[in-house]
Amino acid sequence: MIPDGAASSLLPDGHRKFVYPADVTGRFATARRWTFAALIGVYVALPWIRIGGHPAVFIDIPRRHFHLFGATFNAQDIWMMLVVLLGVGFVLFVATALLGRVWCGWACPQTVFLDGVYRRVERWLQGPRERRMRRDAGAWTWDRVWRKAATHAAWVAISFVLAHVFLAYFASLPGLFQMVQGSPAAHPEAFAVAAATTAALYLNFAFFREQLCIGVCPYGRLQAVLLDKDSLVIGYDAARGEPRGKLGAAGAGDCVDCKRCVVVCPTGIDIRNGLQLDCIACTACIDACDEIMVKIGRKRGLIRYDSLNGLDGKRKRVLRPRLYLYLAVFGAAIVAAALALAGRAGFEANLLRTRGLPFVVDAEKVTNSFEIHLVNKKAEPATFTIAPETSPGMSFVVPMAEIALEPMADAHAPVFMIVPRAQFRGERRVPIRVSAGGETRVLEARFLGPRP
């Protein structure tokens, strides 16, 4: 139970207390900086890396083409995204059940950009926590004005760059460079997306900040049902730390109540009050507490990665029923994704009856008109062959029996089936073979006519 009046950036009356997290150094802070740098590098680099002639990740919405790490998909493959999203969701479930909010503290874009970029700029231009607090509490001097203006200008510039990197995933780098060099009126949609994304990033990272994690993000609320007492969390060893007291006080635990763990917390909580929804598992409190423990000659780990059972001195379990369930569903999602990808055809062929009358009858013959819609789903050109199977008494006219299509291109090929009227004996089904690149699809046409 969290006591009344516990520290948080969200006050009991709903108002917000602005958080000024202090600088922290240590093993986890260093590891997180390298992790953030790697993730930001991947985000920026993916539009530049070309695989199979396309960017590693390119979502071409106007053409409805999607290029993902060398694989090419079209709009008809969008159903596969459901399987992928289910797999990603259960990876997150398994990771949370095992490692707690490791995603929030180490890989979530909100954390990566806020702690890895925006707050670093703020500290560089405005100084450490105490100086920022004193300056914000005082009058609007020239020193405060220029530092604030420079900080916000830097944030807008960073947001502008990040928004255009985001746009490159949908427009490609050549297309993005062309848009940037031209007039906004020539590309109003792209300009609107870039402007809106820039504004959203700036407002989020300059003002909203941790409130996105606390009040908006659904995953932060889901952790209450995903975690159990064996999940790895960041916690305070109350048995070792309590009762709190000054260094050297008789009967006091290891916690000297320096509140260093509180001032470094980016959401403003006191980790000593127990596991809280506001905690994003950023490890800042671990580094801060370890630094103090080393200075006073005590063992590190008063605040540490552990399970609730471990913090209570109980046996810790890794494998447990809910984890078996998550792994089973995740395994099923992997199998489904593998089968979907393995069964994915290199082209689509759909038989459509042409608009108008289903058949035409004249004095000598009955004619049915069809249209085959072909889609080349491969990343290389393909040649399609259309060959209706022989049917007694029936003749065929295929004006485009062989069609060459560029990657992800489509075409409509007409097919006419003709039966002498005297030989028509009723409806029949006629197979049509469509072949390309060693793959064959058999379409079935229903030949219709007047009642015999």
Do the non-hydrogen side-chain atoms of V112 and W106 ever get within less than 4.5 Å of each other?
no
So which atom in A168 and which in P47 form the shortest heavy-atom distance, rounded to 0.1 Å?
CB-CB, 3.9 Å
Using a cut-off of 6.0 Å, state whether more than 12 heavy atoms not belonging to W142 lie near its atom CH2.
no
Just verifying a value: how many Å separate L114 CG and F36 CZ, rounded to the nearest 0.5 Å?
9.0 Å
Could you tell me which non-hydrogen atom of G248 sits nearest to which non-hydrogen atom of R298, and how far apart they are?
N-NH2, 4.4 Å
Thinking salt bridges, do D254 and K299 make one under a 4.0 Å N-O criterion?
no
Please assess L226 against Y219 for the test side chain to side chain contact (heavy atoms under 4.5 Å, CB included), listing each intermediate value before the final yes or no.
CA-CA 10 Å; L226 296 176; Y219 174 61; 4.0 Å; yes
Parallel, tilted or perpendicular: which one describes the rings of F28 and Y305, with boundaries at 30° and 60°?
perpendicular
Is it true that E210 and R16 have a side-chain N and a carboxylate O under 4.0 angstrom from each other?
yes
For a side chain to side chain contact (heavy atoms under 4.5 Å, CB included) with L443, tell me which candidate from L351, I386, N350 qualifies.
L351
Of all the heavy-atom pairs spanning A107 and L39, show the shortest one and how long it is.
CA-CD1, 3.8 Å
Looking at W124, is its backbone amide N or carbonyl O close enough to the side chain of Q126 to form a donor-acceptor pair, meaning the two atoms are under 3.5 Å apart?
no
Nearest heavy-atom pair of A97 and L323: which atoms, and what distance?
CB-CD1, 4.0 Å
Between the main-chain N or O of C104 and the side-chain N or O of T111, is there a donor-acceptor pair closer than 3.5 Å?
yes
Worked check of side chain to side chain contact (heavy atoms under 4.5 Å, CB included) between R32 and C282:
CA-CA 9 Å; R32 289 176 79 234; C282 70; 3.6 Å; yes
Hey, are D23 and R123 close enough for a salt bridge, meaning a charged N less than 4.0 Å from a carboxylate O?
yes
Pick out which of L275, D306, I286 makes a side chain to side chain contact (heavy atoms under 4.5 Å, CB included) with I234.
I286
Separation of Y118 OH from W155 CH2 (nearest 0.5 Å)
9.5 Å
Tell me, do I403 and T383 make a side-chain contact under 4.5 Å, heavy atoms counted?
no
Check: T197 side chain, A194 main-chain N or O, donor-acceptor pair, under 3.5 Å
no
Pair R132 + E130: basic N to acidic O under 4.0 Å:
no
Excluding sequence neighbours, so at least two apart, what forms side chain to side chain contact (heavy atoms under 4.5 Å, CB included) with C289?
M293, L302, I303
Sequence neighbours excluded, the answer for side chain to side chain contact (heavy atoms under 4.5 Å, CB included) partners of R33 is A29, T30, R120
State, with a plain yes or no, whether a side-chain heavy atom of H187 is found less than 4.5 Å away from one of F191.
no
With under 30° as parallel and over 60° as perpendicular, where do the rings of Y202 and F207 fit, or are they tilted in between?
perpendicular
Under 3.5 Å, is there a donor-acceptor pair between the Y236 and D270 side chains?
no
Please determine whether a side-chain nitrogen of the Lys or Arg among E122 and R209 lies less than 4.0 Å from a carboxylate oxygen of the Asp or Glu.
yes
Test D136 against K148 for salt bridge (Lys or Arg N to Asp or Glu O under 4.0 Å), laying out the working first.
CA-CA 10 Å; D136 288 354; K148 288 285 187 182; 3.1 Å; yes
Run the side-chain hydrogen bond (donor to acceptor under 3.5 Å, both in side chains) test against K295 and tell me which residues pass, sequence neighbours left out.
none
Below 4.0 angstrom, N of the basic side chain to O of the carboxylate: do R317 and D230 qualify?
yes
Counting only heavy atoms not in E439, do more than 12 sit closer than 6.0 Å to its CD atom?
yes
A284 and V24: which non-hydrogen atoms are nearest, and at how many Å?
O-CG2, 3.7 Å
Hey, are the side chains of R129 and P21 touching, using non-hydrogen atoms and a 4.5 Å cut-off?
no
Result for salt bridge (charged side-chain N to carboxylate O under 4.0 Å, His left out) between D290 and one of R27, R304, R260 points to R27
Take N376 and M408, measure what side chain to side chain contact (heavy atoms under 4.5 Å, CB included) needs, and give me the verdict at the end.
CA-CA 5 Å; N376 180 16; M408 307 306 294; over 6 Å; no
Taking the side chain as every heavy atom from C-beta outward, state whether H373 and E348 have any atom pair closer than 4.5 Å.
no
Pair F208-L203, side chain to side chain contact (heavy atoms under 4.5 Å, CB included): steps then yes or no
CA-CA 7 Å; F208 204 50; L203 294 173; over 6 Å; no
Gap separating the CG atom of D278 from the CD atom of Q211, nearest 0.5 angstrom:
8.5 Å
Output the distance between atom CD1 (I59) and atom CG (L68), rounded to the nearest 0.5 Å.
7.0 Å
Any side-chain heavy-atom pair from P381 and E406 closer than 4.5 angstrom?
yes
Taking only residues two or more places apart in sequence or in another chain, which ones pass side-chain hydrogen bond (donor to acceptor under 3.5 Å, both in side chains) with K314?
none
So CZ of R441 and CZ of R433: to nearest 0.5 Å the spacing works out to 12.5 Å
Name the orientation class of the two ring planes belonging to F384 and F347 (parallel below 30°, tilted from 30 to 60°, perpendicular beyond 60°).
perpendicular
Please list, chain by chain and in numerical order, all residues satisfying salt bridge (Lys or Arg N to Asp or Glu O under 4.0 Å) with D410, sequence neighbours excluded.
none
Salt bridge (Lys or Arg N to Asp or Glu O under 4.0 Å) filter on R101, not counting sequence neighbours, yields none
Could you check whether atom OH of Y20 has more than 12 heavy atoms from other residues, nucleotides or ligands sitting under 6.0 Å from it?
yes
For the atom pair OG (S307) and CG (L227), what is the distance rounded to the nearest 0.5 Å?
11.0 Å
With a 3.5 Å cut-off and no angle check, do the side chains of S435 and T440 form a donor-acceptor pair?
yes
May I ask you to decide if F166's main-chain N or O and Y43's side chain share a donor-acceptor pair within less than 3.5 Å?
yes
Minimum heavy-atom separation for A139 and R144, please, with both atom names.
O-CD, 3.6 Å
Please work out whether the ring planes of F160 and H164 are parallel, tilted or perpendicular, with thresholds of 30° and 60°.
tilted
If you define the side chain from C-beta out and look only at heavy atoms, does anything of R272 sit under 4.5 Å from K259?
yes
So do the side chains of Y169 and F58 get within less than 4.5 Å of each other, counting heavy atoms only?
no
